[in-house]
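These notes concern the structure reproduced below.
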There are 2 protein chains.
Amino acid sequence: MTQIDLSTPKLGRKRDHSRDADILDAALEVLAETGYDGMTIDMVAARAKAGKATLYRRWPSKAELVIDAVACMKKGAYSLEDLPDTGTLRGDLVALIKPHSIVDAEKKMKVMAGLISMLSRQPDLADAANAAIIEPRASVNRVLMQRAIDRGEISPESDIEALALISPSMASYRTLILKKPVDREFLISLIDGVIMPAVGLRARAS
Amino acid sequence: MTQIDLSTPKLGRKRDHSRDADILDAALEVLAETGYDGMTIDMVAARAKAGKATLYRRWPSKAELVIDAVACMKKGAYSLEDLPDTGTLRGDLVALIKPHSIVDAEKKMKVMAGLISMLSRQPDLADAANAAIIEPRASVNRVLMQRAIDRGEISPESDIEALALISPSMASYRTLILKKPVDREFLISLIDGVIMPAVGLRARAS
DNA sequence: TATATACGGTACTGAGCAGTTTCGGAACTT
DNA sequence: AAGTTCCGAAACTGCTCAGTACCGTATATA
């Protein structure tokens with residue numbers, strides 16, 4: 001998005017943009033492991049098996065590289081089309097809990113942890129992080145709950161906006177601050193102990 | 001807690017420990033404004049109108065100073081004795097929302113934001129931060145909900161443990177990631193849109 | 001083939017900062 | 001008063017790191 005591209009590269013060797021993804025992935029890894037301030041350009045270059053100069057040929061600064069890396073995380077999120085549709089809200093919510101999605105969410109949360117300190121200094125990064133990490137999950141919850149309203153399973157008065165944010169925010173709190181794992185058990189207890197009661201359903205309603 | 005104090009200071013000028021609080025407060029301010037990595041000892045010393053050497057005479061390192069500063073935040077928290085007792089759960093929860101407590105919580109959250117990146121490197125800091133910032137509020141919620149169960153207002157099956165964490169975690173999510181204010185309106189909507197429905201009460205109850 | 005550009009690698013520059021030292025003065029003990 | 005320790009201020013040391021410059025090599029155009 002914020003790549004360097006100042007005019008007329010006609011002659012000579014062309015930039016190998018297929019490496020961009022490797023570099024951005026390496027940046028995300030280092031970001032998750034050390035945080036923004038602990039992350040160095042040399043670490044990222046080494047991880048991507050690239051030269052430091054190569055990174056600076058493509059991004060003007062460390063900050064821009066990180067912003068691009070975070071924005072790129074957005075890909076691979078849930079597509080709103082192929083969501084589970086089990087017929088019940090609880091069934092849908094539980095169906096979202098898959099080993100793959102747990103690991104993916106954990107990775108994203110570690111990236112988020114590394115970004116927090118930057119968010120107040122770079123407001124656009126806050127937007128990018130929210131759009132890439134939190135919003136996709138909240139959005140899925142909103143859709144599933146709206147479906148439940150449409151089919152008459154839960155009250156249309158339910159505060160979808162607030163309820164959709166519960167699992168992302170509880171998960172981020174648990175990862176960022178408590179440093180405890182967000183596992184299947186925790187997510188189920190959230191569904192049965194908070195979400196289901198809040199929409200007026202009992203847990204056993206499959 | 002981790003202060004320097006190696007033996008036998010008998011003669012000469014005595015260390016003025018009344019300044020400790022000023023220095024720790026200054027550290028918290030800088031921490032909230034710039035985050036751990038952006039914070040420098042010189043900033044803290046200047047803010048506290050103290051010499052840098054004075055800080056190093058009292059704490060062995062920047063990390064120890066911060067740990068002490070965070071631990072000191074714990075004071076000033078709610079005492080579990082003088083909690084509101086309005087007779088209804090909603091009344092109690094709403095009574096907790098006072099201008100003072102909002103400002104106080106906001107300040108603490110900004111400190112937390114500055115600490116996040118450190119928490120994985122310093123596990124004891126994670127405990128201190130949780131004990132000083134999150135736990136006091138969660139603890140209050142637990143007590144109020146337990147009272148509601150005891151007086152038969154809500155079901156004893158309510159998942160107090162999870163519900164007590166909702167407002168702290170939603171507030172931290174909102175501050176740390178969304179960068180939106182945690183104001184009275186938001187807290188009320190949390191009570192009426194999530195907590196009350198989840199314990200089986202309607203919002204208008206008191 | 002000649003020219004131009006990207007590549008990985010390494011060395012360099014300049015700034016910022018944790019932590020130390022030094023100093024003149026102030027405060028306490030005897 | 002003499003001796004001791006603390007104080008704030010400022011200079012200093014050593015290291016890390018963002019960003020730049022340069023190298024020999026690889027790959028593209030003409």
Side-chain angles (χ1 to χ4, degrees), chain A residues 2-24 26-27 30-31 33-69 114 117-118 121-122 125, chain B residues 2-24 26-27 30-31 33-69 114 117-118 121-122 125:
Chain A
T2 44
Q3 311 246 338
I4 298 179
D5 185 15
L6 25 141
S7 71
T8 57
K10 290 177 183 174
L11 271 45
R13 182 176 176 177
K14 285 169 188 163
R15 180 165 296 166
D16 180 8
H17 277 288
S18 71
R19 299 294 315 279
D20 286 8
D22 296 322
I23 296 171
L24 293 174
V30 178
L31 201 52
E33 289 168 19
T34 70
Y36 181 87
D37 297 289
M39 158 184 169
T40 71
I41 298 293
D42 290 279
M43 287 181 194
V44 178
R47 184 77 58 111
K49 295 192 175 76
K52 188 204 260 200
T54 299
L55 272 65
Y56 277 104
R57 272 183 219 110
R58 303 183 188 208
W59 292 274
S61 71
K62 176 181 170 182
E64 302 265 14
L65 168 64
V66 168
I67 290 175
D68 254 28
S117 65
M118 280 298 290
R121 282 173 268 170
Q122 305 257 334
L125 183 57
Chain B
T2 45
Q3 313 245 338
I4 298 179
D5 186 14
L6 25 142
S7 71
T8 57
K10 291 177 182 174
L11 269 46
R13 183 175 173 177
K14 284 169 191 165
R15 178 164 299 166
D16 180 7
H17 278 287
S18 71
R19 298 296 314 280
D20 285 8
D22 297 322
I23 296 170
L24 294 174
V30 177
L31 201 52
E33 289 168 19
T34 70
Y36 181 87
D37 296 290
M39 157 184 169
T40 72
I41 297 292
D42 290 280
M43 289 180 194
V44 178
R47 184 76 58 111
K49 295 191 175 77
K52 190 206 263 203
T54 300
L55 272 66
Y56 278 103
R57 271 182 220 112
R58 303 184 187 206
W59 292 274
S61 71
K62 175 180 168 179
E64 303 265 15
L65 168 64
V66 167
I67 291 174
D68 254 27
S117 65
M118 278 300 289
R121 283 172 267 171
Q122 303 258 335
L125 183 56

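Letters A, B, ... mirror the listed sequences (proteins, then strands); counts begin at 1.
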In residues 40-50 of chain A, which ones come under 4.0 Å of DNA chain D, going by heavy atoms?
Thr40(A), Ile41(A)
Can you tell which of dC22(D), dT21(C), dG19(D) lies closest to the side chain of Ser61(A)?
dG19(D)
Kindly point out which of dG8(D), dA18(D), dG25(C) is positioned nearest to the side chain of Thr54(B)?
dG8(D)
Has the side chain of Lys52(A) got a donor or acceptor atom sitting under 3.5 Å from an opposite partner on the base of dG19(D)?
yes
Mark yes or no for a side-chain to base donor-acceptor pair under 3.5 Å between Arg13(B) and dC28(C), with no hydrogen or angle criteria applied.
no
With a 4.5 Å limit on heavy-atom distance, are the side chains of [X] and [Y] in contact?
X: Trp59(A); Y: Leu24(A); result: yes
X: Arg15(B); Y: Arg57(B); result: yes
X: Thr54(B); Y: Arg58(B); result: yes
X: Ile23(A); Y: Leu65(A); result: yes
X: Val66(B); Y: Met118(B); result: no

Length of the line joining [X]:[atom1] and [N]:[atom2], which is rounded to integer Å:
X: Tyr36(B); N: dC17(C); atom1: OH; atom2: P; value: 13 Å
X: Ile23(B); N: dG8(D); atom1: CD1; atom2: C1'; value: 11 Å
X: Glu64(A); N: dA18(D); atom1: CD; atom2: P; value: 15 Å
X: Leu11(A); N: dT1(C); atom1: CG; atom2: P; value: 18 Å
X: Trp59(B); N: dT20(C); atom1: CH2; atom2: C1'; value: 18 Å
X: Asp22(A); N: dA6(C); atom1: CG; atom2: P; value: 19 Å
X: Tyr56(A); N: dT10(C); atom1: OH; atom2: P; value: 18 Å
X: Leu55(B); N: dC7(D); atom1: CG; atom2: P; value: 10 Å

Report yes if a side-chain nitrogen or oxygen of [X] is closer than 4.0 Å to either non-bridging phosphate oxygen (OP1 or OP2) of [N]; otherwise report no.
X: Lys14(B); N: dC28(C); value: no
X: Arg19(B); N: dG8(D); value: yes
X: Arg15(B); N: dT5(D); value: no

Do any N or O atoms from the side chain of Lys62(A) and from the backbone of Met39(A) form a donor-acceptor pair under 3.5 angstrom?
yes
Is the closest side-chain donor-acceptor distance between Ser117(A) and Asp37(A) under 3.5 Å?
yes
Met39(B) vs Gly12(B), nearer the 5' end of DNA chain C by closest nucleotide
Met39(B)
Take Lys62(B) and Ala53(A), find for each the nucleotide of DNA chain C with the closest heavy atom, and name the residue whose nucleotide sits nearer the 5' end.
Ala53(A)
